[in-house]
Student: 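Please see the structure below; I have some questions.
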Amino acid sequence: MTIKKGVILALVMGMVFLVSGKSYSQEVVLSEVDEMPTPPGGMEGFIKYVMDNLKYPTKAKEDKIEGTVVLTFIVKEDGKVESVEVLRGIGGGCDEEAVRILENSDLWVPAKKDGKNVSARMRLPVRFKL
């Protein structure tokens, strides 16, 4: 797999399950699961999707903005990605582009606890490099 110049996606080490017992949209997001959520096509498929679809924002290019946007989100028990938020942004349109890519991804394989699909909170760093 080739890496598109200008965008590096820190997925393999960056996808982290956040311990959370908070309730989102009347649904509990579990702190312990038996199986973590996985993106469509697994990690390799998700990296390809991001590389094929992520566009380095023009403003970020013009202003020579580089860095890592850190997103947090919930993979619901039906595999939908919801509640995408920017934990740490870098501006120049990069934050919005990272959110757009994640929100437009296909259904994920949800987390499992005791053989049942459950919601889980995830964190995803997306690195932008010129």
Side-chain angles (χ1 to χ4, degrees):
M1 170 179 18
T2 61
I3 295 182
K4 184 190 293 185
K5 184 177 179 187
V7 180
I8 297 174
L9 184 62
L11 279 175
V12 176
M13 296 305 291
M15 224 167 221
V16 178
F17 177 70
L18 296 179
V19 175
S20 173
K22 296 180 182 177
S23 176
Y24 294 86
S25 303
Q26 306 298 328
E27 188 173 1
V28 174
V29 178
L30 295 181
S31 60
E32 294 182 27
V33 296
D34 299 327
E35 295 177 37
M36 294 300 299
T38 55
M43 292 306 292
E44 188 172 311
F46 191 65
I47 290 170
K48 181 177 180 349
Y49 159 74
V50 172
M51 294 307 208
D52 289 347
N53 293 285
L54 191 104
K55 298 175 181 86
Y56 211 108
T58 302
K59 174 107 174 97
K61 283 182 188 175
E62 291 170 354
D63 294 345
K64 297 184 171 103
I65 295 173
E66 297 182 319
T68 302
V69 176
V70 180
L71 303 176
T72 183
F73 60 101
I74 296 172
V75 177
K76 304 288 275 186
E77 59 189 38
D78 61 2
K80 291 180 184 173
V81 171
E82 292 187 357
S83 303
V84 178
E85 297 176 14
V86 177
L87 284 178
R88 185 177 67 212
I90 59 174
C94 294
D95 306 349
E96 295 81 2
E97 181 62 6
V99 168
R100 182 189 73 79
I101 284 294
L102 184 56
E103 286 180 338
N104 289 327
S105 67
D106 289 335
L107 291 178
W108 287 49
V109 175
K112 291 198 182 289
K113 176 74 173 176
D114 299 326
K116 295 180 183 175
N117 291 353
V118 294
S119 296
R121 180 167 280 283
M122 303 288 292
R123 183 170 49 183
L124 175 70
V126 182
R127 177 134 174 86
F128 289 82
K129 182 160 179 58
L130 293 170

Student: Contact between Met51 and Leu54 at the side-chain level, heavy atoms closer than 4.5 Å - yes or no?
Tutor: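 Met51 does not reach Leu54 side chain to side chain.
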Student: Looking at Ser105 and Val81, what are the two nearest heavy atoms and their distance?
Tutor: OG-CG2, 4.0 Å
Student: Heavy-atom distance under 4.5 Å between the side chains of Asp78 and Trp108, does that happen here?
Tutor: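 Not in contact.
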Student: Measure the spacing between CZ of Phe73 and CG of Leu87 and express it to the nearest 0.5 Å.
Tutor: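 Rounded to the nearest 0.5 Å, the CZ-CG separation comes to 11.0 Å.
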Student: Calculate, to the nearest 0.5 Å, the distance between atoms NZ and OG belonging to Lys80 and Ser119 respectively.
Tutor: 11.5 Å
Student: Donor-acceptor pair, distance only, cut-off 3.5 Å: does the side chain of Asn117 make one with the backbone of Lys112?
Tutor: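 Flag not set: sc Asn117 to bb Lys112 has no pair under 3.5 Å.
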Student: Nearest 0.5 Å, what's the CD-NZ distance between Glu77 and Lys116?
Tutor: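 Atom-to-atom, Glu77:CD and Lys116:NZ are 10.5 Å apart.
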Student: Spell out, as yes or no, whether a donor-acceptor pair under 3.5 Å connects the side chain of Asp95 to the backbone of Ile90.
Tutor: yes
Student: Is there a side-chain contact between Tyr49 and Pro39, using heavy atoms and a 4.5 Å cut-off?
Tutor: no
Student: CD/Glu103 to CG/Leu71 distance, rounded to the nearest 0.5 angstrom?
Tutor: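 Answer for the CD-CG pair, Glu103 versus Leu71, is 9.0 Å.
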Student: As a test of understanding, state which of Arg88, Arg121, Glu85 forms a side chain to side chain donor-acceptor pair (under 3.5 Å) with Thr72.
Tutor: Arg121
Student: Atom CZ in Phe46, atom CG in Leu124: separation rounded to 0.5 Å?
Tutor: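 Rounded to the nearest 0.5 Å, the CZ-CG separation comes out at 5.5 Å.
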Student: Where do Phe128 and Cys94 come nearest, in terms of heavy atoms and distance?
Tutor: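 Taking every non-hydrogen atom into account, CZ-O, 3.6 Å.
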Student: Within the 4.5 Å heavy-atom criterion, are Lys76 and Pro110 side-chain neighbours or not?
Tutor: no
Student: Flag yes if Val109 and Val84 sit in one hydrophobic cluster, no otherwise; membership is Ile, Leu, Val, Met, Phe, Trp, Tyr, and two members link when side-chain heavy atoms are under 4.5 Å apart.
Tutor: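 In one cluster with Val109: Val84, no.
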Student: Are side-chain heavy atoms of Met122 and Met36 found at a separation under 4.5 Å?
Tutor: yes
Student: Following the transitive rule for hydrophobic clusters with a side-chain heavy-atom cut-off under 4.5 Å over Ile, Leu, Val, Met, Phe, Trp and Tyr, establish whether Leu130 and Val69 coincide in one cluster.
Tutor: yes
Student: Could you tell me whether a side-chain N or O of Thr68 sits under 3.5 Å from a main-chain N or O of Pro125, the two making a donor and an acceptor?
Tutor: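 Looks like no, no N/O pair under 3.5 Å.
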Student: What pairs with Asp106 under salt bridge (Lys or Arg N to Asp or Glu O under 4.0 Å), at least two apart in sequence or on another chain?
Tutor: none
Student: Apply side chain to side chain contact (heavy atoms under 4.5 Å, CB included) to the pair Val86 and Val99, showing each step before the final yes or no.
Tutor: CA-CA 8 Å; Val86 177; Val99 168; 3.7 Å; yes
Student: Could you walk me through whether Asn104 and Asn53 pass side chain to side chain contact (heavy atoms under 4.5 Å, CB included), step by step?
Tutor: CA-CA 10 Å; Asn104 289 327; Asn53 293 285; over 6 Å; no
Student: Determine whether a donor-acceptor pair (N or O, by modelled atom type, separation under 3.5 Å) exists between the side chain of Glu97 and the backbone of Lys55.
Tutor: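 Indeed, once roles are kept as given, a pair shorter than 3.5 Å links the two residues.
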Student: OG of Ser83 to CD1 of Ile74: how many Å apart, nearest 0.5 Å?
Tutor: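 One gets 4.0 Å once the value is rounded to the nearest 0.5 Å.
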